[in-house]
Amino acid sequence: MLEIRELAAGYGDVRVLSGVSLTVGPGEIVALLGPNGAGKSTLLTTIAGLLRPRAGGIRWEGADLAAVRPHLVVERGVVLVPEGRRLFGTMTVEDNLELGAFAERARRARAAGFERVYALFPDLRDRRRQLVRALSGGQQQMVAVGRALMAQPRLLMLDEPSLGIAPRLVASIFASLAEINRSGVAVFLVEQNVQAALTLAHRAYVLESGRIAGQGAAADLLRDPHVRRAYLGPLAVRT
Amino acid sequence: MSLLAQQLVLGVLIGGLYGLAAAGLSLVFGVMKVLDVAHGELIMLGGYAAFFAVALLGLDPFGSLALVIPLSLLLGVVLYLGLFGFVVRADEETRVKNSLLIGFGLALALHALAVRLWTADERSIVTPYGGSVLMVGDIAIPLVRLLSLLLAFLLIGGLHLLLARWRWGKAIRAASEDWQAALLTGIDVRRAYLLAFAIGTALAGAAGTLVSIAYSISPSIGLEWTLKALIVVVLAGLGSMLGTFVGGLVLGVAEAASAATFGGAYREVVGLVIFVLVLIARPKGLFGR
């Protein structure tokens with residue numbers, strides 16, 4: 001479904017990714033782990049079309065995605081929830097969600113989209129007339145996921161959805177991701193909360209210094225000593 | 001006393017046009033981060049378009065807006081595709097620099113072209129009702145200027161509604177707030193820029209029409225109007241069109257008050273003083289977000 005082959009990307013003279021290959025299958029939840037600066041966000045940004053690959057290919061449902069402009073990547077059903085949420089703070093919750101359904105295909109399903117988002121995040125229905133910047137971090141993350149859902153994604157990519165959110169709400173966000181996945185949406189997740197990510201995901205890749213350093217079933221990686229030592233902290237090794 | 005009141009009323013009347021002149025500049029700068037210093041020349045062109053629509057086609061002066069606005073929209077599309085569309089491909093930080101170069105070049109070219117085509121003479125649209133005056137007590141309100149103020153307010157109100165309600169209006173606001181996030185929600189940001197620039201140019205055309213009816217135009221008015229618009233943009237801040245209109249009124253009244261108190265020579269100075277004071281005390285402007 002999503003197939004990345006030998007991808008290289010970077011900014012200016014800095015090469016961030018080289019030779020990255022991975023796949024996300026239909027209905028899968030795939031996590032991407034790795035230390036800060038490994039290139040995780042760069043990979044998501046490149047798939048979303050904000051950054052042109054230097055080399056290699058990105059294929060989505062059989063078609064080349066590497067040369068597609070970002071707003072048309074959304075139109076094709078590949079949607080990114082960026083790091084830091086990047087909502088339109090001076091607008092209401094409702095306006096943010098409506099803008100999520102800007103693409104032609106999503107606009108036709110807008111009413112159903114609103115219902116889907118409000119069913120998933122009932123809090124947002126009560127706050128739909130509030131300005132987004134007045135919401136808490138957790139509520140803003142719900143709007144960010146909701147805005148992406150409004151685009152009717154078939155692949156939902158999330159960059160650090162737990163960043164800056166109260167722990168209680170992280171669990172609720174992850175539960176909603178599982179529910180979104182059950183409705184048939186593939187999920188590609190970059191997450192520093194490795195425990196939560198591997199519990200949710202089916203498979204995971206480890207990205208280190210711009211290269212794929214490991215991969216496997218999420219349950220296996222949770223037991224893997226290297227992964228535990230590197231990403232779950234020294235205490236985790238003993239348990 | 002009544003002389004001062006008379007001056008202040010005239011200040012409000014021209015202030016509305018300052019607001020309208022600034023609205024287009026504010027929209028383009030706020031959305032595209034492009035500073036179009038040829039905005040005053042676009043106002044000048046709008047003025048000539050209205051002048052000839054009245055002189056050659058016999059349109060009603062205010063009715064000529066119906067012709068000038070679509071023509072200016074079209075001009076905006078052409079200028080965006082031919083010039084400013086290339087600027088927005090750069091990072092936001094370099095856009096201002098590049099747009100200043102292009103804007104100054106365009107301003108010089110349009111000025112020279114206007115002198116060549118229409119001579120440097122000052123012109124004004126003469127209306128059948130041009131001399132009419134509304135007397136309130138002993139204050140005289142020129143009717144055409146009052147109508148111009150009213151139209152300026154309606155146009156800015158319309159723009160406000162457009163940005164608040166229209167699908168692409170919301171897209172323009174989204175692109176202005178965070179263009180990358182706008183792309184990620186599926187908005188064609190370049191098209192949003194094109195629309196914003198075309199609307200900005202149309203506002204300049206409308207402002208020029210009102211200027212040529214209520215005041216006068218010549219090929220060299222561009223710089224003056226760019227300056228007034230810039231002062232209002234700084235005074236009002238970005239993000240609120242109604243705020244920009246109020247900012248225009250404030251500048252008009254401040255100019256009139258200083259001219260009445262210190263003499264006409266100080267009319268132009270007060271705007272620059274406001275400009276500096278606002279930048280020092282409240283860099284985001286009175287209504288800036």
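Naming convention: chains lettered A, B, ... in sequence-line order (proteins, then strands); numbering from 1 in each chain. As the structure is a prediction and not an experimental result, all values here were calculated from the model.
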Which region of [X], side chain (C-beta onward) or backbone (N, CA, C, O), has a non-hydrogen atom less than 4.5 Å from a non-hydrogen atom of chain B, or is it both or neither?
{"X": "Leu50(A)", "value": "side chain"}
{"X": "Arg85(A)", "value": "neither"}
{"X": "Leu87(A)", "value": "backbone"}

Worksheet item: Taking the six-membered ring of Phe102(A), is NZ or CZ of Arg167(B) closer than 6.0 Å to its centre and within 45° of its axis?
Response: yes
Discussion item. Just verifying a value: how many Å separate Asn96(A) CG and Lys170(B) NZ, rounded to the nearest 0.5 Å?
Written reply: 10.5 Å
Discussion item. How long is the straight-line distance from CZ of Arg173(B) back to CE of Met91(A), given to the nearest 0.5 Å?
Written reply: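 With rounding to 0.5 Å, CE (Met91(A)) is 4.5 Å from CZ (Arg173(B)).
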Discussion item. Donor-acceptor check, side chain of Glu177(B) to backbone of Thr90(A), threshold 3.5 angstrom: yes or no?
Written reply: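 Yes; at least one donor-acceptor contact below 3.5 Å.
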Worksheet entry | Close side-chain approach of Val74(A) to Thr185(B), heavy-atom, < 4.5 Å |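 SC-SC contact between Val74(A) and Thr185(B) ruled out.
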Practice prompt. Report yes if the side chains of His71(A) and Ile187(B) come closer than 4.5 Å at any heavy-atom pair, otherwise no.
Written response: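 Contact flag for His71(A)/Ile187(B) side chains = no.
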Is it the case that over 12 heavy atoms from other parts of the model lie below 6.0 angstrom from the [atom1] atom of [X]?
{"X": "Phe153(B)", "atom1": "CZ", "result": "no"}
{"X": "Arg191(B)", "atom1": "CZ", "result": "no"}
{"X": "Asn36(A)", "atom1": "CG", "result": "no"}

Worksheet item: Closest approach of Leu99(A) and Ala174(B), non-hydrogen atoms and distance?
Response: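 Reported closest heavy-atom pair: CD1-CB, 3.7 Å.
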Discussion item. Working note: Thr45(A) + Gln180(B), criterion side chain to side chain contact (heavy atoms under 4.5 Å, CB included); need CA distance, chi angles, decisive distance, verdict.
Written reply: CA-CA 10 Å; Thr45(A) 312; Gln180(B) 287 185 320; over 6 Å; no
Item to complete: Decide side chain to side chain contact (heavy atoms under 4.5 Å, CB included) for Arg86(A) and Leu184(B); before the verdict, give the C-alpha distance in whole Å, the side-chain angles of both, and the deciding distance to 0.1 Å.
Response: CA-CA 10 Å; Arg86(A) 308 281 288 266; Leu184(B) 292 175; over 6 Å; no
